[in-house]
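Note sheet for the following structure.
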Amino acid sequence: MDLSVLERVKWLQQQQMVSPDFFEILGSDGREELKRVESYLGNNNDELQSFRHYETIDGCISRTSSFQIEQVKNNEENRVIALQHKRKTEGKTEKIENKKKKKIKTEDETESSMKGKSNMSNSETSSEIQKRDYIHVRARRGEATDRHSLAERARREKLSKKMKCLQDIVPGCNKVTGKAGMLDEIINYVQSLQQQVEFLSMKLSVLNPELEYHINELSTKQFQACFTDLPEAVSKQLMMVDASSFPLQHQESLDYSVINSIQTTTLGSKDQTSSGWEIHSQSLYNNLRTDSVSSFFSLE
Amino acid sequence: MASADKPINTDVPEKDVFALHFLQSLSNLRRQNTFNSPEKTNDRVKKIKKAAYVSMARAAGGTSRLWSRALLRRAAKETNKVVRFSRRKKRVTWLRRRSNRRDPVEEEEKEAERLRNLVPGGGAMETSKLIEETAYYIKCLSMQVKVMQCLVDGLSPK
């Protein structure tokens, strides 16, 4: 590539189609710009590293530059910015990075007069755009740049992001690193949760008869009302029943407080008809509605 | 357990939704006459367990999640009910199933295999989707476990 640049510069000299801009810019600040380009390219693709051989280019330029340098820096920045804008709009239309690189290469070859300078600024701006543009997958140095491996890498990164989310959910996953260990932990956790469900359902089946009458007769509407309207209200009846055994969280206490109250108040009246039940539970519900939090907490 | 996970959306409904569904299913179970026989506790256990899973699937969003759909379908098969799900995506899942069967060569796929066996409906999902569904499933399962634990605690004699 350096040879080609050299050739191009020489060609330019011979043809004398050089615009004054080119040499103005490269005149005194040429070396600095080349250094800047090099700092960009130092971490980037191998192909563009050939631009390191700027000493030879320097030699060419020093021979030919004979113009006065007026406001070189401004011009330079303008050029760079103009080229950046051009590159940006092109970059956004492409989806894979290697495509972009290939396009840049072909464009370099087909540009006519500003080749030497435009090559370097192209690479610089393209590298800048590659850094700024987060949509594209970045091809790291030394890695394959064909489409499949890029897509594969994107997919893997997506997966690892999701695994990190899972890590937050599953307790105890932070210590283990690596996919294998984490997956093992997750599988163990799911299995343990399922075993817990089974165990608790066994327990429930034992406790079954106590629950039976109450659940049967209470309409679900009332349950719903209890859950949604009463995060804080607990009735005196409930407090009488099993206040000390209630967990402090409101929702749980509501759940079981309702059941417990019904349990204690209706154990003696199993013969009631369903309509009687509903009336009774209705009154209970009204009681629940009117009481306040403080009484509950004072008992605790 | 924030719902601010960008890649995975794990907003699970509140505990009372789970509790409501579970209690509803339990009350339905109670209405069956053969339920309270002192023998056949095994059957009872199985029924309760199934009721727990089905109510969890309903509470977690019905048919909007793949695993809940698979759970409900499984349950419906056993009771010979006719269940209708929106079948728009069935073709895609069928294709996924085909492609997944050929894929246990990679190590990642081997481990995903185990997860697939655990999560209901896992066989038809691609790995990234599987991970999402697992996250949601874990949250729902833990909610369900809490609800059942509280029930048991409330009912157990002191």
Counterpart residues, side chain to side chain donor-acceptor pair (under 3.5 Å), relative to A/S160 (two or more places apart): none
Working for side-chain contact (heavy atoms from CB on, under 4.5 Å), residues B/R114 and A/L183: CA-CA 9 Å; B/R114 291 167 67 191; A/L183 265 173; over 6 Å; no
For A/L193 against B/V145, the heavy-atom pair lying closest together: O-CG2, 4.0 Å
Test side chain to side chain donor-acceptor pair (under 3.5 Å) applied to A/Q194 - qualifying residues, sequence neighbours left out: B/Y137
Pairs of heavy atoms under 4.5 Å with chain A: top-ranked of B/I138, B/V119, B/T134, B/N117: B/I138
Interatomic spacing from OH in A/Y189 to CG in B/L118 - rounded to 0.5 Å: 14.0 Å
Closest approach of A/L166 to B/I131 (non-hydrogen atoms, all atoms of both residues): CD1-CG2, 3.6 Å
Point-to-point distance, once rounded to the nearest 0.5 Å, from CD of A/Q196 to CE of B/M148: 10.0 Å
